[in-house]
Q: 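Dropping the structure in here first, questions after.
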Protein chains: 2
Amino acid sequence: MFDRLEIVPAYRTVCEAIEKEIMTGRLGPGDQLPTETELAQQFGLTRHTVREGLRILEEGGLVGREAGRRLFVKQPHYAESAPRATRALIMQRVTFRELWEVSMSLEPAAADRAARHVTDADIKALEDNLAAMEKAFAEDRSIIALDIAFHTLVAEIGGNKALLLAREPISQLFYPALSRLFDHPGNRLTGPRRLIDAHRKIIEAMKLRDAVEAEAWMRRHIADFRRGYDHCGFDVDEPVAHREQD
Amino acid sequence: MFDRLEIVPAYRTVCEAIEKEIMTGRLGPGDQLPTETELAQQFGLTRHTVREGLRILEEGGLVGREAGRRLFVKQPHYAESAPRATRALIMQRVTFRELWEVSMSLEPAAADRAARHVTDADIKALEDNLAAMEKAFAEDRSIIALDIAFHTLVAEIGGNKALLLAREPISQLFYPALSRLFDHPGNRLTGPRRLIDAHRKIIEAMKLRDAVEAEAWMRRHIADFRRGYDHCGFDVDEPVAHREQD
DNA sequence: CGATGTTCGTTTGTTCAACAAGCCAACAAT
DNA sequence: ATTGTTGGCTTGTTGAACAAACGAACATCG
């Protein structure tokens, strides 16, 4: 007969009220919010209740601040929602297969788009990344962060905001997977080598603005990733990250 | 010489401390958190400060509560991170083309996976959705929510958690796009008709466990969506949602 | 016996009043 | 010109308190 009544705490209402102002455009990116005291007066609440609402907005990326300074409206960036999504996937024990399958769809598409939009400055950034990777490899340092950065760079060059948002949390989760892979005795050297060579091929295709080749190389690169994983005897249906590792 | 010192407010430290307990597994899903007073004592802070940290965790989906009751550790669900991501895309003025491109990659993959994993109960759910859509169409009600639910259903059947997380925020954003499309005079009837027929084809392929067909029909279905958009004279490079519409 | 009050301890939601600390700008001092 | 100093504004934090919701145990009444 009756549904459960939803009792909404005041701090949540505060949060929604401000969010509404932002989403309807009455408050735009860059605008300053009133001070906590003013907000408290306007809402007819205590400063503390308002603060709890502000904390929620802040976490949501809709408002930000510069070190203890006044709050202002922000454009949420995909890199901020990614860690939360990554955490969610870890806690749900996402498997390598799941991540790989999605990457098999998204990464080639990103490469294709990137090849069509790439500028000379972008090429430079890609080559810098490649050089840094060669250097790290030669000095026996980890190339994992650079690899993930390379793929994010490719996606950024493509400029598709939805794609960036969709792939970022998944991309971040390859860290533990790559880490495992490169720790395996058989892959210690050949793994990074093959990876760097693949990146080089992709960059070459980009230089020629050859979207077909760029996509093809990216596809092979991702496929190769899985082959390496299988080859090491790892189970693709196991969670990539144990919660213990953080 | 020196970098800017990062002054971290106590409430943020609270949040990180608890998050760490969760991510390292010392606190697992279902576990109850200590009461606010206990936490305040343990951290050596005021209840207020602790509460602000808890609000952040709550928003992050790591902890939850049942109506004013004690907090417990939760498994974040992809449906909770989606609205935030959707907001971010809206504020960044994501275009139809961007959404469509990603969907062109993800939806066929989802259909393929679904066809390989589909159970009889899943088929039933899909057919129920189709029937509800036919009914809504016959009664001249909007089918948009049902359409979005259909695609989410397909993705859920596939069971790839990373895919679900990646596609959900994008899927939600088709609401305004479809809304525009079906409001267009030329599409008022033919639009929904074509859409429903496509869904039927996809379901038929699923029944046969024919992954190739399911993927092919899904691909045509998404491609058709864009054709419809172009056909109405809409600019695919315009933002799909104005902030004013919320 | 079962449905309805009553009471109580626990925990969260909210208020009020206050102080500490960081930031900013203006101004004084060397 | 750089370095103190001052003061006002705003956020971060504290403390004590009360209101409101919940759960459980128990009393009450038909």
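A, B, ... follow the sequence lines: proteins, then strands. Residue 1 opens every chain.
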Q: Does a salt bridge link B/R113 with A/E98, judged by any charged N lying under 4.0 Å from a carboxylate O?
A: no
Q: Establish, with yes or no, whether the OP1 or OP2 oxygen of C/dT14 is under 4.0 angstrom from a side-chain nitrogen or oxygen of A/Y11.
A: no
Q: When you get a sec, tell me which of C/dT14, D/dG12, D/dT10 is the closest nucleotide to the side chain of A/R55?
A: D/dG12
Q: Do A/W100 side-chain atoms and A/V236 backbone N/O form a donor-acceptor pair below 3.5 Å?
A: no
Q: Does any N or O in the side chain of A/T49 come within less than 3.5 Å of the main-chain N or O of A/L45, such that one atom is a donor and the other an acceptor?
A: no
Q: Is there a donor-acceptor contact under 3.5 Å linking the side chains of A/Y11 and A/E16?
A: no
Q: I'd like to know if the side chain of A/T13 and the backbone of A/P9 have a donor-acceptor N/O pair within less than 3.5 Å.
A: yes
Q: So if I take residues 57-64 of chain A and measure heavy-atom distances to DNA chain D, which residues fall below 4.0 Å?
A: none
Q: Can you see if the side chain of B/R70 gets near the phosphate of D/dA21 - specifically, an N or O under 4.0 Å from OP1 or OP2?
A: no
Q: In whole angstroms, how far is the P atom of C/dC23 from the CZ atom of A/R65?
A: 12 Å
Q: Of A/Q172, A/H151, A/E107, which is the lone residue that meets side-chain hydrogen bond (donor to acceptor under 3.5 Å, both in side chains) with A/R167?
A: A/E107
Q: Given atom CZ of B/F43 and atom P of D/dT14, what is their separation to the nearest angstrom?
A: 12 Å
Q: From CD of B/Q41 over to P of C/dT10, roughly how many Å is that when rounded to an integer?
A: 13 Å
Q: So which of A/E38, A/E36, A/E52 actually passes salt bridge (Lys or Arg N to Asp or Glu O under 4.0 Å) with A/R47?
A: A/E36
Q: Give a yes/no verdict on a cation-pi contact between B/R65 and B/F72, requiring under 6.0 Å between NZ or CZ and the six-membered ring centre and an angle within 45° of the axis.
A: no
Q: Using a strict threshold of under 4.0 Å (side-chain N to carboxylate O), is an ion pair present between B/K124 and B/D120?
A: no
Q: Please list, by residue number, the residues of residues 45-53 of chain A whose heavy atoms come closer than 4.0 Å to an atom of DNA chain C; answer none if no residue qualifies.
A: A/L45, A/T46, A/R47, A/T49
Q: Can you list, in residue-number order, the parts of residues 31-40 of chain B that come under 4.0 Å of DNA chain C, counting heavy atoms only?
A: B/T35, B/E36
Q: Students often mix this up, so state it plainly: with edges at 30° and 60°, are the rings of B/F96 and B/F225 parallel, tilted or perpendicular?
A: perpendicular
Q: Does a side-chain N-to-carboxylate-O contact under 4.0 Å join A/E59 and A/R55?
A: no
